[in-house]
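One structure is given here, and the rest of the page talks about it.
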Amino acid sequence: MPPLLIRDSRDDDVAAITRIYGHHVLHGLASFEEKAPATEEMARRRAAYLAGGYPYIVAERSGRLVGYAYAAAYRVRPAYRFAVENSIYIDHEDRGGGIGSALLPALIERCTARGFRQMIAVIGDSANAASIGLHAKFGFRTVGTFTAIGWKHGRWVDSVLMQRALGDGDESAPAAT
């Protein structure tokens, strides 16, 4: 299998990001959106995350974008400013090829370098063993499940919450308070 390149996202990645995410919105339970956003909306979201100082990265194989990941504010209130929520989406044609295992540690590293102290994963569907397993592999622990919190594709869907400390976590005060 050709090597995987993990890099910061660029403006010209947005069409592929939109395609990957759109498939998950329309056919999966990882996202609780029901209508796939247009490329312009995905570009707006990406720009907002980057402007907020959050990392947005992609996985590329043989020049083709096969997955992406980003971090965003976990919540908007100031006391949450050291916590991020991560999102990872893999092209449905490339699942199982180690892409998530390359993206997640790279995202963790970038968030840690930016001074964030906690990373939260909000995983759609408690049956999403791949995502739950990926997060557990990289040190996340399950902290709760919202049962039947969403209605999608004609059924109730859970959200699994997982958490991982970044850097010193809660062992010390952050540098900038």
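The first residue in the sequence is number 1, and the count goes up from there.
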Margin query: Can you confirm if the aromatic rings of Phe116 and Phe82 lie within a centre distance of less than 6.0 Å?
Written below: no
The complete set of salt bridge (charged side-chain N to carboxylate O under 4.0 Å, His left out) pairs with one or both residues in residues 95-111, sequence neighbours excluded, reads Asp8-Arg110
With the side chain counted from C-beta on, respond yes when Ile6 and Ile57 share a heavy-atom pair under 4.5 Å apart, and no when they do not.
yes
Between Cys111 and Tyr54, is there a side-chain heavy-atom distance shorter than 4.5 Å?
no
Salt bridge (charged side-chain N to carboxylate O under 4.0 Å, His left out) pairs touching residues 67-77, sequence neighbours excluded, are none
Residues at least two apart in sequence or cross-chain that pass side chain to side chain contact (heavy atoms under 4.5 Å, CB included) with His23, listed by chain then number, are His27, His92
With sequence neighbours left out, the residues meeting side chain to side chain donor-acceptor pair (under 3.5 Å) with Gln163 are Gln118
Any side-chain heavy-atom pair from Asp91 and Arg19 closer than 4.5 angstrom? yes
Below 30° counts as parallel, above 60° as perpendicular, anything between as tilted: where do the rings of His135 and Phe140 land? perpendicular
Sorted by chain and residue number, the side chain to side chain donor-acceptor pair (under 3.5 Å) partners of Glu33 (sequence neighbours excluded) come out as Tyr21, Arg45
Those residues at least two apart in sequence (or on a different chain) that pass side chain to side chain donor-acceptor pair (under 3.5 Å) with Arg10 are Asp12
The side chain to side chain donor-acceptor pair (under 3.5 Å) partners of Ser9 (sequence neighbours excluded) come to Arg46
Sequence neighbours excluded, the answer for side chain to side chain contact (heavy atoms under 4.5 Å, CB included) partners of Phe138 is Ser101, Leu104, Pro105, Ile108, Leu134
Hits for side chain to side chain contact (heavy atoms under 4.5 Å, CB included) against Pro2, two or more places apart or cross-chain, chain-then-number order -> Arg61, Ser62
Check your understanding: With no hydrogens and no angle check, is any side-chain donor or acceptor of Lys35 less than 3.5 Å from a backbone partner on Val25?
Key -> no
One should read off an interatomic distance between Arg64 CZ and Asp94 CG, to the nearest 0.5 angstrom, of 4.5 Å
Taken to the nearest 0.5 Å, the spacing of Asn86 CG from Arg164 CZ works out to 10.5 Å
Residues at least two apart in sequence or cross-chain that pass side chain to side chain contact (heavy atoms under 4.5 Å, CB included) with Leu65, listed by chain then number, are Asp13, Ala16, Ile17, Ile20, Val58
Here the gap from Tyr70 atom OH to Tyr56 atom OH, rounded to the nearest 0.5 Å, amounts to 6.0 Å
Problem set entry | Test item: Ser172 side-chain N/O and Asp168 main-chain N/O as donor-acceptor pair under 3.5 Å | no
Residues joined to Trp156 in its hydrophobic cluster, side chain to side chain under 4.5 Å directly or through other members, sorted by chain and number, are Trp151
Rounding to 0.5 Å, atoms CE (Met119) and CG (Leu166) come to a distance of 5.0 Å
Do Glu60 and Arg7 meet the salt-bridge criterion of a basic N to acidic O distance under 4.0 Å?
yes
task = For residues Ile120 and Val84, determine if any side-chain heavy atom of one lies less than 4.5 Å from a side-chain heavy atom of the other.
result = no
Please tabulate, one pair per line, all N/O donor-acceptor pairs under 3.5 Å involving side-chain atoms of residues 122-133, not counting sequence neighbours.
residue: Asp125; atom: OD1; partner: Ala127; partner atom: N; Å: 3.1
residue: Asp125; atom: OD2; partner: Arg155; partner atom: NH2; Å: 3.3
residue: Ser126; atom: OG; partner: Asp158; partner atom: OD2; Å: 2.7
residue: Asn128; atom: OD1; partner: Ser131; partner atom: N; Å: 3.1

Within-4.5 Å side-chain heavy-atom neighbours: Pro55 and Tyr49
no
